[in-house]
Amino acid sequence: MTQAAIQLKGISKAFGTVQANRDINISVAKGTIHGIIGENGAGKSTLMSILYGFYKADAGQIFINGQPTLIPDSQAAIRAGIGMVFQHFKLVQNFTVLENVILGAEDGPLLNASLTKARKVLMELSREYELDVHPDALIQDLSVGHQQRVEILKALYRQADILILDEPTGVLTPDEADHLFRILRGLKAQGKTIILITHKLREIMETTDNVSVMRRGTMVDTVKTTESTPESLAELMVGRKVLLEVEKKPATPGEVVLSVQDLHMRDEHGVERLKGISFDIRAGEILGIAGVSGNGQSELLEALGGFGAATGVITLKGQVLPLSGPQANGQSRREAGIAHVPEDRQHLGLIMDFAAWENTAFGYHNDAKYQKNRLFMDNEALRADTAAKMATFDVRPPIPALAAKHFSGGNQQKLVVAREIEQDPDLLLIGQPTRGVDIGAIEFIHKQIVALRDAGKAVLLVSVELDEILSLSDRIAVMFDGQIMGFADPETTNERALGLMMAGVAGKA
Amino acid sequence: MDYDTLMQILGSTVRLGTPLLLACLAGLFSERSGVFDIGLEGKMLAAAMAAATVAFMTGSAWIGLGAGIVASLLFSALHGLASITFKGNQLISGVALNFLASGLTVLIAQALFKQGGRTPALAGDARFNPIDLPFAEALKDLPLLGPLYAQVISGHSILVYAAFAAVPLSWWLLNRTRFGLRLRAAGENPAALDTAGVSVVRMRYAALFITGVLCGLAGAYMATALQAGFGREMTAGRGYIALAALIFAKWRALPALGATMLFGFFQALALRPDVVEAVTHVKISGSFLDALPYILTVIAVAGFIGKSIPPRAGGEPYVKER
């Protein structure tokens, strides 16, 4: 066996009473791509933060290339040859690429020499690894994919031999993700060691040599990727058998619930974001909207959800709903029977500082059942209501008084889904239902969506995860540049065909 | 209005604009590093009192200046302690320091001199006196350029020239040095700086140090050059006008010069209601001219000078997180 680039022995870390890492042992072979998977809160990020000097471990030892190494701060990690690409990029938005790359690694008190040198090094690196970005571009003008390349360049400029990437594909299009993996393979070919933290099993299977699985702060197992399957890894992660495929009966679509005709919408800059969208959704049907993020899906949800002025005609069960003006708002939409789980739950779905029992009533807080009398709300009823929802939707911990921000991503999403589904809507709008949600909760939320459909309701599902669209939808619409490129049947289509439509290449299917 | 009057007003603009300029540059360093400093006013006031007191006691304006800077630095350190180390709210810390300065300066001056919170009048070497640049007297009678040189450019105290020199120096420091790059990064995205292995806390303290020195200069200038001694609330809101100028200048050094001189010009006009009336043929109240900087800033912030974007991480204590 080749020498280990990184070896961790007995790493433990506690935050208060929470044991985030418990006696972690792991060995990462030099020149390999090593995956680390686990559910949210399993301790992956904590472990990597210890390796990068962000946190200090309570116990344990770190060996870099066989040498015991102390990493008290990020500077020490950089000196030890470790580079980190965070999930949320650490870039200065109004600095140029060059300035971001040299920040903290300048050669002297004056910038000019460093900038000249960095420009040369960057040119070489971009030739070598397909990492082209314009050195003088401002970060704020770059796409997320390019911003990520800057993060990688930053690490390489500091001569990192070990590169850690935390959930790198969460914000990328499928194409950008493929490009990233090509870059990673190129780096591996040059002898670099790469640690890939992700919750996407497919990425693990496609790119890694070895994979370590974490669960509740412990390292469950490390296996060769070729000797494992997605099912076996998922089972290790969750600790029980998980259904990766959604089980559902064939749809029995009924009457048209929502009819959308010629929907147009402009953003605040006057740019047309929706260019004449028309479709119907029937009762007992899940319509999936596929597309690369930013092609009008968010605007579609805004228009239908009642918080963005649009033109066109939308009809819910024969009743025309207003698309602009004071009558077009989330409250009136909910009264009409449209529930909405927004894409960005932390900004639009929840008030993070408010308690769960307050959050599970928002949008419905004027309902008669929540009022004690004309002046006061019935807080007891609200709390009881939340406790019941928490039990039904398996929200953990089941504490209605806890602020929304103290729940994990998956449990936050369950709170929102519980609020919207329990109102028994005619139509559910649901955007990115499982973004940042762990596998166990994904399975649960998918089941709830299918159950709602089986109860004869209509569901509009917007997701950038093709897997999710393919496994949940009864019918797929692909959006590109504010238009619907075409519809597809999930039984007969495949990722390639959808991908072509998502790129705007193929016409109506 | 004749040419000579105009030159007088412009000369007065430079004198009145200087404390605004120094305070504005002080705010520039602090805010570009991500620490909002509403306490410029308090620091100037503390520095003015300390400078006047020590200058009177020692008879040296220079030692007074040193004392002013030390007083201002102490306030800066308090602000840093509250808002950087203990991650308190920067605005509240700043306001608190302003109140502290407002009360403490009068208290100390009264305890020392028993003159109703004033310090005794300064004279001779206890003040920074005007410097006549070479040939000012000789060139005085040259048409147009002569009065400009003699009245507007020459005849100010050394601190005025220091303030003007600080403008290009600040620009260079912020934009052309490692220190400036890191300082700006601390104000835009401290996490980026932290993960690059540089201490955000240290950068922000360094910025506050510069802020303290510049506010010390501004306060000492008020008490030992512009006027001859310290008086209760003598800074009269200049710290706030400097903040307004900073917004007007979009947090950049060179425009800060233009903004503070414009606001200084209004202050100079407010002192000459006769001229204003002669030119406009309308009686304009001096308080309206005093209010103009604020009115202009509101217009500026409303978007008439284009977008004025504050440092993105401004106002927020840096908390390490993944």
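Below, read A as the first sequence line, B as the second, and so on, with proteins coming before strands; counting in each chain starts at 1. Worth knowing before you read on, the calculation uses all heavy atoms, side chains too, and leaves out hydrogens, waters and symmetry mates.
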| message | Less than 4.5 Å apart, side chain to side chain, heavy atoms only: is that true for B:Ile309 and B:Trp251? | response |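 No, too far: nothing below the 4.5 Å cut-off.
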| Close side-chain approach of A:Val97 and A:Leu142, heavy atoms under 4.5 Å |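 Of all side-chain heavy-atom pairs linking A:Leu142 with A:Val97, at least one is under 4.5 Å.
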Do any N or O atoms from the side chain of [X] and from the backbone of [Y] form a donor-acceptor pair under 3.5 angstrom?
X	Y	result
A:Lys192	A:Ala160	yes
B:Glu31	B:Pro311	no
B:Ser30	B:Gly27	no

Of all of [options], which one pairs up most often with chain B through heavy atoms under 4.5 Å apart?
options	value
A:Arg158, A:Lys154, A:Gln75	A:Gln75
A:Gly104, A:Pro109, A:Ser114	A:Pro109
A:Ala76, A:Ala105, A:Ser74, A:Ala77	A:Ser74

| note | Applying a strict 4.5 Å limit to non-hydrogen atoms, the region of B:Asp194 in contact with chain A is both
| said: So for B:Arg184, is it side chain, backbone, both, or neither that comes closer than 4.5 Å to the heavy atoms of chain A? | reply: both
| said: Using 30° and 60° as the class boundaries, would you call the ring planes of A:Tyr52 and A:Phe86 parallel, tilted or perpendicular? | reply: perpendicular
Residue part contacting chain B, namely of [X], when any heavy atom lies under 4.5 Å:
X	result
A:Asp166	neither
A:Phe89	backbone
A:Ile78	side chain

| field | Pair A:Asp136 + A:Arg119, salt bridge at N-O below 4.0 Å | value | yes
| Which one, B:Val198, B:Asn175, B:Thr195, B:Asn189, leads in non-hydrogen pairs under 4.5 Å with chain A? |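 Most heavy-atom pairs under 4.5 Å with chain A: B:Thr195.
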